[in-house]
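The shown structure was predicted, so the numbers you read here are calculated from the model rather than taken from an experiment.
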Amino acid sequence: MLNNNIQNKMNFLKKYKTILLILVPVVILVIVRVTGSDHFRTDAEKHAEKSFSRTNIITTEKISSLEGDKLLINLGKDVIKHIPSGIEVKSVSPDSILNKQNIKLILNHDGPVIISSSELAVSARMWMLLSQMGVQNLYILTEDPEPEVLKYKFRPDTLA
């Protein structure tokens, strides 16, 4: 009876060998992907809404209104002007912000994290990456609260 049971299992494996060779690795890869720590944890649309409503942008005057210990991540070697006292400042290059030790520092920080760069586009990209990785209470420091105000009157093309 035991021998017959083993024989049935062997026949099953022979019959479905091709399907199992494809299905088992796919299932393993899905499990690794879902349980891995190197993927984005939250929805990008949810975070993009903060960008559209400009709730992720903060000026140096408004930093003091934030509660908790503040961490300022300086992306580059630029000197930041008018930093209020009591703020921890770390200089990190943009290409190394996703290093394990930098991510650990940011994720373990209890309080607001503020990103600053001389180029607002770099700060915005790093903000989106970090917020998708699950960093909460994340802001972009800017000197101008309305950096994208159009300076010229829009005139449609009249040649068409």
Give a yes or no on whether the backbone of G68 and the side-chain of K70 come within a donor-acceptor separation of less than 3.5 Å.
yes
Tell me the closest heavy-atom pair linking P94 and M126, and the distance in Å.
O-SD, 3.8 Å
From CG (L71) to CG (N137), nearest 0.5 Å:
11.0 Å
With the 4.5 Å side-chain cut-off for hydrophobic clustering, are I19 and F12 part of the same group?
yes
Y16 vs L23, side-chain contact (heavy atoms from CB on, under 4.5 Å): CA-CA, chis, key distance, verdict:
CA-CA 10 Å; Y16 296 108; L23 188 62; over 6 Å; no
For the side chain of S123 and the backbone of S117, is there at least one donor-acceptor N/O pair under 3.5 Å apart?
yes
CG (L98) and NZ (K100) are apart, to the nearest 0.5 Å, by 13.5 Å
Of I97, D95, N102, which meets side chain to side chain contact (heavy atoms under 4.5 Å, CB included) against N99?
N102
Separation between CD1 of I115 and CE of M128, rounded to the nearest 0.5 Å
11.0 Å
Dump the intermediate steps for side-chain contact (heavy atoms from CB on, under 4.5 Å) on I103 and L130, then the final yes or no.
CA-CA 8 Å; I103 290 295; L130 291 171; 3.7 Å; yes
Enter the distance from I57:CD1 to W127:CH2 here, rounded to the nearest 0.5 Å.
9.0 Å
Enter the distance from R125:CZ to L120:CG here, rounded to the nearest 0.5 Å.
10.5 Å
Closest heavy-atom pair and its distance - A124, I140:
CA-CD1, 3.7 Å
Evaluate whether atom CD of E119 has more than 12 neighbouring non-hydrogen atoms of other residues, nucleotides or ligands under 6.0 angstrom away.
no
Got a second to check how far L105's CG is from I73's CD1, nearest 0.5 Å?
5.5 Å
All heavy atoms of V135 vs all of L138, minimum pair found to be CG1-CD1, 4.1 Å
Take atom CG in N11; do more than 12 heavy atoms of anything else shown fall under 6.0 Å from it?
yes
